[in-house]
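Note sheet for the following structure.
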Protein chains: 2
Amino acid sequence: MTVSKTAADAARSSRALRREPVDPAGDDSMLQLGELSGLLGYSLKRAQLRVFEDFLRCVAPLQLTPAQFSVLLLLDKNPGRNQTEIANTLGILRPNFVAMLDALESRDLCARMRSTNDRRSHILVLTDRGRAVLARAKKLVANKHEARLIEVLGPANHAALLEMLAKLAQEF
Amino acid sequence: MTVSKTAADAARSSRALRREPVDPAGDDSMLQLGELSGLLGYSLKRAQLRVFEDFLRCVAPLQLTPAQFSVLLLLDKNPGRNQTEIANTLGILRPNFVAMLDALESRDLCARMRSTNDRRSHILVLTDRGRAVLARAKKLVANKHEARLIEVLGPANHAALLEMLAKLAQEF
DNA sequence: GATATTAGATATAGCGGATAACAATTATTA
DNA sequence: TAATAATTGTTATCCGCTATATCTAATATC
């Protein structure tokens, strides 16, 4: 909690937001968004698209999507896990995770190893190349992507935004 | 600006976030998210999915998706506009907007009227039924959906979040 | 040992998003 | 004015992500 100064302060800036027009020659000739500006889901979706776009740009040299990056990150932090565990953690359905892993494995970024305990499951491991790519990706993300976000929002707001989004993603 | 108290404060809570584990028997047996928790895009996407889920639940009686709701809202606030203008404002590509309008029109929520000035374009109008459904939808969204968001986040944080997301959606 | 469960995989359907192309209409300009 | 270009809505089509049912091999349960 404790992100805004006062409720009155927040209400004012919210009203300011609603006081369109705020379309500096963007799409068409200044359509009124109306209560759309106050719809959290609307801004949430548009912001998400922008942020993913920027992510893709920043990590373009490594040809990694946000989802692929998250898989590599998770494999690195959680060695010895199988497909189901990784997929579930990322909210990916097992059937859809197969092709994703195929792609990563075909690029020699990770590998499936049959578990000795349970010969049904595949233990997922990062390859050396996967670790190297992940390391480079982390740097690009931190220095270009997140850095730009922090620059636009300000460090404090960036942290506050992260906190609120995490809250929504969990307790909502 | 001015959303968080201090930078130190924000940094602390951000660190607190990163200090997993934060998986109360959710997916699997407590995988480490690692720097995934600090990735804004990750939380952004997950939060967006949750919020849209809740929107769908709240507006379920009216069978409206977020996108459809936004179209109705825009038509109401911007009478006399054609398909291209509405689609562009919502970031929908014209070809994809056709089927969307077909669906709304088949439910008698809006109608296409050939413009007398430019007989190529279709002026979009809300039907009486469309206006009625929109009015009911607005109430559901405000009283159930947004109300719940405000409850979870707190009014001040809700406004601050909205402000930051709008900023990202625009100047990013 | 028979049955149920689980992990990975395949097939398939659906939706949103993106591009190319077309007919009708309007705008440009030679 | 005639020829050309541009625009509107539309269709067709493709891609990616998501969702469900089903299959097999392997394991767990009874």
Side-chain angles (χ1 to χ4, degrees), chain A residues 27-29 31 41-42 44-46 48-53 55-56 63-71 75 78 80-106 110-125, chain B residues 27-29 31 41-42 44-46 48-50 52-53 55-56 63-71 75 80-106 110-125:
Chain A
D27 312 339
D28 274 283
S29 350
L31 287 241
Y42 180 74
L44 203 46
K45 174 108 188 253
R46 303 216 88 161
Q48 186 259 315
L49 290 175
R50 289 285 186 102
V51 169
F52 267 46
E53 261 179 46
F55 183 99
L56 284 173
Q63 285 285 94
L64 282 183
T65 67
Q68 289 173 326
F69 178 68
S70 68
V71 169
L75 293 191
N78 302 272
R81 298 299 186 150
N82 63 25
Q83 298 186 196
T84 299
E85 292 171 318
I86 299 295
N88 282 348
T89 307
L90 291 176
I92 302 172
L93 292 172
R94 274 67 79 216
N96 300 330
F97 194 48
V98 174
M100 233 188 120
L101 272 186
D102 288 346
L104 292 176
E105 203 172 12
S106 74
C110 71
R112 299 180 234 226
M113 298 180 42
R114 291 230 93 101
S115 167
T116 50
N117 309 327
D118 187 339
R119 285 176 16 221
R120 290 171 297 184
S121 62
H122 290 164
I123 298 306
L124 298 179
V125 293
Chain B
D27 312 338
D28 274 282
S29 352
L31 287 241
Y42 179 74
L44 203 46
K45 173 107 190 252
R46 303 216 85 161
Q48 186 259 317
L49 291 175
R50 290 286 186 103
F52 267 46
E53 260 179 46
F55 182 99
L56 284 172
Q63 284 287 93
L64 282 183
T65 67
Q68 289 173 326
F69 178 68
S70 69
V71 169
L75 293 190
R81 299 298 187 147
N82 64 24
Q83 298 185 195
T84 298
E85 291 171 317
I86 300 294
N88 281 349
T89 306
L90 292 176
I92 302 171
L93 292 172
R94 275 67 78 218
N96 300 329
F97 195 46
V98 173
M100 230 188 123
L101 272 185
D102 289 346
L104 292 176
E105 203 173 12
S106 74
C110 72
R112 299 181 233 226
M113 299 181 43
R114 289 230 93 100
S115 166
T116 51
N117 309 328
D118 186 339
R119 284 174 18 218
R120 289 172 296 185
S121 63
H122 289 164
I123 299 305
L124 298 179
V125 293

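Every heavy atom of this structure was used, including side-chain atoms; hydrogens, water molecules and symmetry mates were not. Below, chains carry the letters A, B, ... as their sequence lines are ordered, and counting in each starts from 1.
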Atom pair distance, as rounded to whole Å: CD in B:Q83 and P in D:dT11: 10 Å
Rounded interatomic separation in angstrom, taking CG from A:L49 and P from D:dG16: 17 Å
Gap between atom CD of B:Q63 and atom CG of B:L56 - 0.5 Å precision: 9.5 Å
Spacing between B:E85 atom CD and D:dT8 atom C1', to the nearest angstrom: 11 Å
Residue met sooner reading DNA chain C from 5', once A:V98 and A:K45 are mapped to nucleotides: A:V98
Whichever of B:I92 and A:S121 has its nearest DNA chain C nucleotide further upstream toward 5': A:S121
Stems formed with participation of DNA chain C [Watson-Crick or G-U wobble, under 3.5 Å, three or more pairs]: C:1-30 with D:1-30
Inter-residue atom distance B:L90.CG - B:N96.CG, 0.5 Å rounding: 12.5 Å
With A:E105 via side chain to side chain donor-acceptor pair (under 3.5 Å) - residues at least two apart: A:R112
Where A:V51 and B:G41 come nearest, the two heavy atoms and their spacing: CG1-CA, 3.8 Å
A:R94 CZ - D:dC17 P separation (whole Å): 18 Å
N/O donor-acceptor pair under 3.5 Å between A:R114 side chain and A:H122 backbone: no
Closest approach of B:R119 to B:T116 (non-hydrogen atoms, all atoms of both residues): CG-O, 4.3 Å
Can you pull every protein N or O that's under 3.5 Å from an N or O on nucleotides 26-30 of chain D?
residue: D:dT27; atom: OP1; partner: A:R119; partner atom: N; Å: 2.9

Leading and trailing nucleotides of DNA chain C with any atom under 4.0 Å from heavy atoms of chain A: C:dT5 to C:dG17
Atom-to-atom span, CD of B:Q48 to C1' of D:dC17 - whole angstrom: 13 Å
Set of residues satisfying side chain to side chain donor-acceptor pair (under 3.5 Å) with respect to A:D118, sequence neighbours excluded: A:R120
Show each protein N/O and nucleotides 19-23 of chain D N/O combination with a separation under 3.5 Å, one pair to a line.
residue: D:dA19; atom: N7; partner: A:N96; partner atom: OD1; Å: 3.3
residue: D:dA19; atom: N7; partner: A:N96; partner atom: ND2; Å: 3.0
residue: D:dA19; atom: N6; partner: A:N96; partner atom: OD1; Å: 2.9

Heavy-atom closest contact (B:R46 atom, A:G91 atom, distance): NH2-CA, 3.4 Å
Nearest-angstrom distance from the residue atom CD1 of B:I123 to P of D:dT8: 11 Å
From A:R81 atom CZ to A:S121 atom OG, the distance as rounded to the nearest 0.5 Å: 11.5 Å
Spacing of B:H122 atom NE2 relative to D:dT8 atom P, expressed in whole Å: 12 Å
Distance (rounded to the nearest 0.5 Å) between A:L124 CG and A:L104 CG: 9.5 Å
Partners meeting side chain to side chain donor-acceptor pair (under 3.5 Å) with A:R94 (sequence neighbours left out): A:N88
Rounded distance in Å - CE (B:M113) to C1' (D:dG9): 16 Å
Atom pair CD1 (A:I123) and CD (A:Q83), whose distance is rounded to the nearest 0.5 Å: 9.5 Å
Separation between CG of A:L75 and CD1 of A:I86, rounded to the nearest 0.5 Å: 5.0 Å
By ring-ring contact (aromatic ring centres under 6.0 Å, His included) - contacts of A:F55 (at least two apart): A:F69, A:H145
